[in-house]
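Here the structure comes first, spelled out in structure tokens, and everything after it is commentary.
We count residues from 1, following the sequence as given. Everything quoted here is computed from the prediction, not taken from an experiment.
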Amino acid sequence: MDKKCSGEESNWLEVEEAARCTGKKAPIVNPRRWSSAANAMAVALIMTIPPILFIFSGRLDAPAVWIKSTVAGLGARGAESSKKLDVLLGGLLLPGFDEQSCASRYQSVYYRKNMTRSPTPYLIDRLRRQEALQRRCGPGTDAYRRASDRLKSGVKGVDTVDGCSYLVLLSYRGLGNRILAAASAFLYAMLTGRVLLVDRGKTMGDLFCEPFPGTTWLLPLDFPLQGYRDLGEDAAESYGNVTLRNETGGSSEHRFVYMHLDHAASVENKLAYCDDHRQFLHRVQWVVMRTDVYIAPILFLNPAYQQELHRMFPRKDSVFYIVSRYLLHPTNDVWGMVTRFYDSYLKSADERLGIQIRVFVKDDKPVQHILDQILACTSQERLLPGVLPSAGGAPPPPAGARSKAVLVTGLNGWYHDSIREMYWRSASANGEVVSVHQPSREEHQRMFHRMQDMKALAEMYLLSMTDKIVTSGWSTFGYVGTALGGLTPYIMIKPEDEQVPDPPCRRAMSMEPCAQGPPYFECTRKEVDKLLDTGNLVPHVRACEDMSWGLKLIEPISEKDV
């Protein structure tokens, strides 16, 4: 049989060919890149056309279940919606990107709730300016070539030229940490007028689409700084060592400065949080940053940035949410995993509950007290119904009974299996039909493993598509899944002595991630022995629910919309 008529379609052109073979009408697809603003305006119109879903083959592959399918158009969620959705998110996104190369950029609006926080006109303007800077100074430009040549030659005492300076973000630790770091670095780059370049590591290019039009955010493979991935806080170029040597005077003598902002960084290196970027760092063309935390709440404590941050984010509880909707778009491979699983298992439910499980025990082995904590939390908050005694049978669910799909994510499958078996063996007490699903169970975390990172990112986005969510304290995976969806989670407090905490979980103050490992001094004084009392500084930064020494952004009650 001709391959074009074999039903083995793998891309848009083959889908169109298959339609001609069957005589059916092909979905509307434009295989060419949008090359002008006039043509690009058609994107929003195309996105309102109901899609056609093709499912060509299915396969059960335990432990993960990924049904191979090709989604034409915008997916089933779009077919259900009769009203026009704002695919550009109030101006947050630009039209004109090639949708085929990054389907998630314009399709995610059909799978996720409407924006719960809208971008301000000022933030949109700042994004457009950052995009222009990235295009003018980014890789492939003469300005970038000149800056790279100066970095390679080792010339010192050179102020920023061409109006171009750069922030290089190093890929570091687990995927949740890397995502929080990327959002943080982008925010810092905007505040300081720098081009953001992300070290791709082993998987970054496989996970996210390019966020900026007409350029790249990936650090070129021929970046000339030798050994930059091995930089640590003891490096001579680290901000802490530069400060200790008192080399932050009026004339820059540094090819680059390294900012080591690990959660356990030294006090001297954390002084970088208090740099106003006007007295020293603005004269350094290259800054290299390593961080494994979400630093946005800490930036709000620096007086130099407070006014600008307030103009960009008048609602302080939505910084990561808005930044991520602009910056982080999964590649087609990851997005396909997301949409196929959602359409197969979650879409039809009346309500979707996410349960994210991170167990901080040796070898990530299943433990009973964590399962007990999950069940206690979901019972206390009435997120899952109880079950009837199994003896004597149970009446069938009434006609029109509500359905609840439970999405469980975690390295181990035992928790999912235990919850699923509970509702398999016994009927729910309130008549709800409960189904339990887990996309993958990898058993052990492998950092920078391509397929595991892709599955993990897909699961974060699936969590963001739920209606309510329970997460594990201290987990950056949970922070990301929550904040991507604009969800206020129920956080399970980290157990001690293998005992279920009382209460087992608590409702978070906001959807913002927790900044783990912040500094313990006030930027206005830089007194390293003075404990930080955020309540006396700004009303929108508080201690985290799950980590008393962490910081998170909230929206003070007095400032909320009535």
Side-chain angles (χ1 to χ4, degrees), residues 64 66 102 104 108 169-187 196 198-211 217-219 229 261-263 289-296 320-321 323-325 327-338 341 354-360 364 407-412 438-466 469 471-485 487 489 511-517:
W66 304 108
C102 185
S104 66
S108 64
L169 176 67
L170 300 182
S171 294
Y172 188 45
R173 296 197 187 275
L175 182 58
N177 300 89
R178 280 177 269 154
I179 291 174
L180 295 176
S184 300
F186 175 65
L187 182 60
L196 174 64
V198 180
D199 174 34
R200 67 188 70 203
K202 295 180 180 179
T203 63
M204 198 67 178
D206 296 314
L207 300 176
F208 294 106
C209 304
E210 297 283 357
W217 71 332
L218 295 177
L219 186 69
R229 288 195 177 106
L261 300 179
D262 179 88
H263 71 281
M289 175 190 288
R290 185 191 300 276
T291 185
D292 62 346
V293 298
Y294 179 60
I295 70 173
F320 182 88
Y321 174 65
V323 167
S324 67
R325 296 294 287 263
L327 189 70
L328 304 175
H329 306 287
T331 58
N332 286 351
D333 285 343
V334 176
W335 187 242
M337 290 182 177
V338 173
F341 194 92
I355 301 177
Q356 180 267 331
I357 304 170
R358 179 70 167 94
V359 181
F360 295 93
D364 296 303
L407 172 70
V408 178
T409 67
L411 290 172
N412 197 288
Q438 181 172 3
S440 71
R441 48 183 80 185
E442 297 295 314
E443 301 298 337
H444 302 287
Q445 183 179 13
R446 291 173 289 174
M447 295 184 187
F448 297 100
H449 183 275
R450 178 179 179 272
M451 184 51 65
Q452 189 175 102
D453 275 357
M454 291 173 65
K455 289 181 180 180
L457 182 59
E459 291 181 5
M460 291 178 189
Y461 272 84
L462 284 167
L463 286 171
S464 78
M465 296 173 181
T466 58
I469 188 170
T471 63
S472 298
W474 294 27
S475 173
T476 56
F477 192 112
Y479 295 161
V480 172
T482 293
L484 283 173
L487 303 168
M511 57 188 171
E512 276 284 295
C514 176
Q516 301 173 343

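Minimum heavy-atom separation, Leu463 to Gly354: CD2-CA, 4.0 Å. Here the closest heavy-atom approach between residue Ser472 and residue Ile357 is recorded as OG-CA, 3.4 Å. Closest heavy-atom contact between Pro489 and Thr482: CD-CG2, 3.4 Å. Residues Gln356 and Gly478 share a closest heavy-atom pair of OE1-CA, 3.4 Å. Across all non-hydrogen atoms, the minimal contact from Gly201 to Arg229 is N-NH2, 4.4 Å. In terms of heavy-atom proximity, Pro211 sits nearest to Leu327 at CB-O, 3.5 Å.
With contacts defined as side-chain heavy-atom distances shorter than 4.5 Å, the pair Asp262/Arg173 qualifies. Gln516 places a side-chain heavy atom less than 4.5 Å from the side chain of Tyr479. Side-chain contact between Glu459 and Ser440: present, with at least one pair of heavy atoms (C-beta onward) separated by less than 4.5 Å. Put simply, the side chain of Phe320 reaches to within 4.5 Å of the side chain of Leu180, judged on heavy atoms. Side-chain contact between Thr409 and Phe477 is present, with at least one heavy-atom pair separated by less than 4.5 Å. Under the 4.5 Å side-chain criterion, counting only non-hydrogen atoms from C-beta, Val293 is not in contact with Leu261.
The closest donor-acceptor contact from the side chain of Ser324 to the backbone of Leu484 lies at 3.5 Å or more, if one exists at all. Using modelled atom types, one side-chain atom of Gln452 and one backbone atom of His444 make a donor-acceptor pair closer than 3.5 Å.
Separating the OG atom in Ser171 from the CG atom in Leu219 is a distance of 9.5 Å, to the nearest 0.5 Å. Annotation: the span from Thr471 atom OG1 to Arg358 atom CZ amounts to 13.0 Å, rounded to 0.5 Å. Taking CG of Leu328 as the reference point, atom CZ of Phe208 lies at 5.0 Å (rounded to 0.5 Å). Annotation: the span from Leu407 atom CG to Ile355 atom CD1 amounts to 9.0 Å, rounded to 0.5 Å. The CG atom of Asp292 sits 8.5 Å away from atom OG1 of Thr476, with the distance rounded to the nearest 0.5 Å. To the nearest 0.5 Å, atom CG of residue Asn332 and atom SG of residue Cys209 are 6.0 Å apart.
Every residue meeting the side chain to side chain donor-acceptor pair (under 3.5 Å) condition with Asp206, not counting sequence neighbours, appears here in chain and number order: Arg450.
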Decide yes or no on side-chain contact (heavy atoms from CB on, under 4.5 Å) for Leu175 and Leu207, but give the supporting numbers first.
CA-CA 10 Å; Leu175 182 58; Leu207 300 176; 3.6 Å; yes

Val338 vs Met465, side-chain contact (heavy atoms from CB on, under 4.5 Å): CA-CA, chis, key distance, verdict:
CA-CA 10 Å; Val338 173; Met465 296 173 181; 3.3 Å; yes

Between Glu512 and Tyr294, does a side-chain contact (heavy atoms from CB on, under 4.5 Å) hold up when you go through it step by step?
CA-CA 10 Å; Glu512 276 284 295; Tyr294 179 60; 2.6 Å; yes

Steps toward salt bridge (charged side-chain N to carboxylate O under 4.0 Å, His left out) verdict (Asp453, Arg178)
CA-CA 11 Å; Asp453 275 357; Arg178 280 177 269 154; 3.1 Å; yes

Given side-chain contact (heavy atoms from CB on, under 4.5 Å), test Asn412 with Arg441 step by step and report yes or no.
CA-CA 5 Å; Asn412 197 288; Arg441 48 183 80 185; over 6 Å; no

